[in-house]
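Structure in structure tokens, see below.
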Amino acid sequence: MSGYTKVLGIGTFFAECTGGVITVHAVGVASNSNYVIKLEQALISIWPPEFLLYYYIPPVVLPALR
């Protein structure tokens with residue numbers, strides 16, 4: 001994402017298993033409406049895998065809670 005700044009976000013994480021499929025959820029608050037928010041698997045190779053919540057911040061931000 002060219003021009004965006006990647007920062008670690010703060011959130012609450014939980015996982016659920018349904019029919020053999022594991023779904024990971026993250027809930028948090030972004031202070032700007034045009035942040036791109038992504039849940040990404042950590043690069044470290046461990047089991048079970050770790051996930052991180054990232055905010056991608058554009059050069060121009062629009063203040064609003066999301």
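Note that these values count all heavy atoms, side chains included, but never hydrogens, waters or copies made by symmetry. This chain uses plain numbering: 1 for the first residue, then up along the sequence.
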Spatial distance of atom CD1 (Ile10) from atom OG1 (Thr12) [nearest 0.5 Å]:
10.0 Å

Parallel, tilted or perpendicular, as decided by the 30° and 60° cut-offs, for the rings of His25 and Phe14
parallel

Under 4.5 Å between any side-chain heavy atoms of Ile57 and Tyr4, yes or no?
no

Flag side-chain contact, heavy atom, 4.5 Å: Val61 against Tyr35
yes

Hey, is the main chain of Pro58 close enough, under 3.5 Å, to the side chain of Asn34 for a donor-acceptor pair?
no

Is it the case that over 12 heavy atoms from other parts of the model lie below 6.0 angstrom from the CD atom of Glu50?
no

Reported CZ-to-CG distance for the pair Phe13 and Leu39, which is rounded to 0.5 angstrom
6.0 Å

Could you give me the CA-CA distance, side-chain angles and deciding distance for Tyr54 and Leu8, then say whether side-chain contact (heavy atoms from CB on, under 4.5 Å) is met?
CA-CA 5 Å; Tyr54 285 108; Leu8 194 57; 3.9 Å; yes

With a 4.5 Å cut-off on side-chain heavy atoms, are Tyr56 and Thr5 touching?
no

Side chains of Glu40 and Leu52: closer than 4.5 Å at any heavy-atom pair?
no

